[in-house]
Amino acid sequence: MTVPALTAETRWRCTLCGNLTRFDLTRTARVTEFLHFDLAGESKVEETEVLSETIESVRCRWCNAVDQVELVARPGADDATVEAEQG
């Protein structure tokens with residue numbers, strides 16, 4: 001099953017229990033990272049560029065439903081779109 005990707009105007013909603021806030025996401029990402037090492041050899045990721053990303057599954061934390069998500073509009077998303085178009 002294809003998992004719908006989030007946008008600035010949408011969010012996920014579990015179709016079984018209505019959850020809007022808690023999900024476990026399984027994804028595969030191909031990234032390029034810039035690592036900075038200090039003199040002691042400890043590393044820190046300073047930049048990350050996502051080259052590709054695939055969402056494999058989304059599980060609802062409330063009811064444990066797997067891949068039962070849909071995209072719904074975020075509150076105020078219509079207002080922000082109208083303002084951006086008028087801007």
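Any value given below was found using the heavy atoms of this structure, including those in side chains, with hydrogens, waters and symmetry copies removed.
Between atom OG of residue Ser57 and atom CG of residue Leu25 there is a gap of 7.5 Å, rounded to the nearest 0.5 Å. Atoms CD and OG1, from Glu46 and Thr48 in turn, are 10.5 Å apart once rounded to the nearest 0.5 Å. In this structure, Arg61 CZ and Cys14 SG are separated by 13.5 Å, a value rounded to the nearest 0.5 Å. Annotation: the span from Glu33 atom CD to Ser43 atom OG amounts to 9.0 Å, rounded to 0.5 Å.
Between Leu71 and Arg11, every side-chain heavy-atom pair lies at or beyond the 4.5 Å cut-off. Asn64 has its side chain within reach of Arg59: a pair of non-hydrogen atoms, C-beta onward, lies under 4.5 Å apart. Between Thr21 and Trp62, the closest side-chain pair of non-hydrogen atoms falls below 4.5 Å. Residues Leu35 and Val45 form a side-chain contact, since some pair of their non-hydrogen atoms from C-beta on lies under 4.5 Å apart. Under the 4.5 Å side-chain criterion, counting only non-hydrogen atoms from C-beta, Glu56 is not in contact with Arg27. Side-chain atoms of Leu51 and Val31, non-hydrogen and from C-beta on, never get closer than 4.5 Å to each other.
Here the closest heavy-atom approach between residue Phe23 and residue Cys60 is recorded as CD2-CA, 4.0 Å. The shortest heavy-atom contact between Thr15 and Val69 is CG2-C, 4.4 Å. Closest approach of Trp12 to Leu20, counting heavy atoms only: O-CD2, 3.5 Å. Nearest approach of Ala5 to Thr10, heavy atoms of both residues: O-OG1, 4.3 Å.
A donor atom on one side chain and an acceptor atom on the other are not found under 3.5 Å apart for Arg13 and Asn19.
Taken together through direct or relayed side-chain contacts under 4.5 Å among Ile, Leu, Val, Met, Phe, Trp and Tyr, Ile55 and Leu6 form part of one hydrophobic cluster.
With hydrogens and angles ignored, the 3.5 Å screen pairs a side-chain donor or acceptor of Thr7 with a backbone N or O of Glu9.
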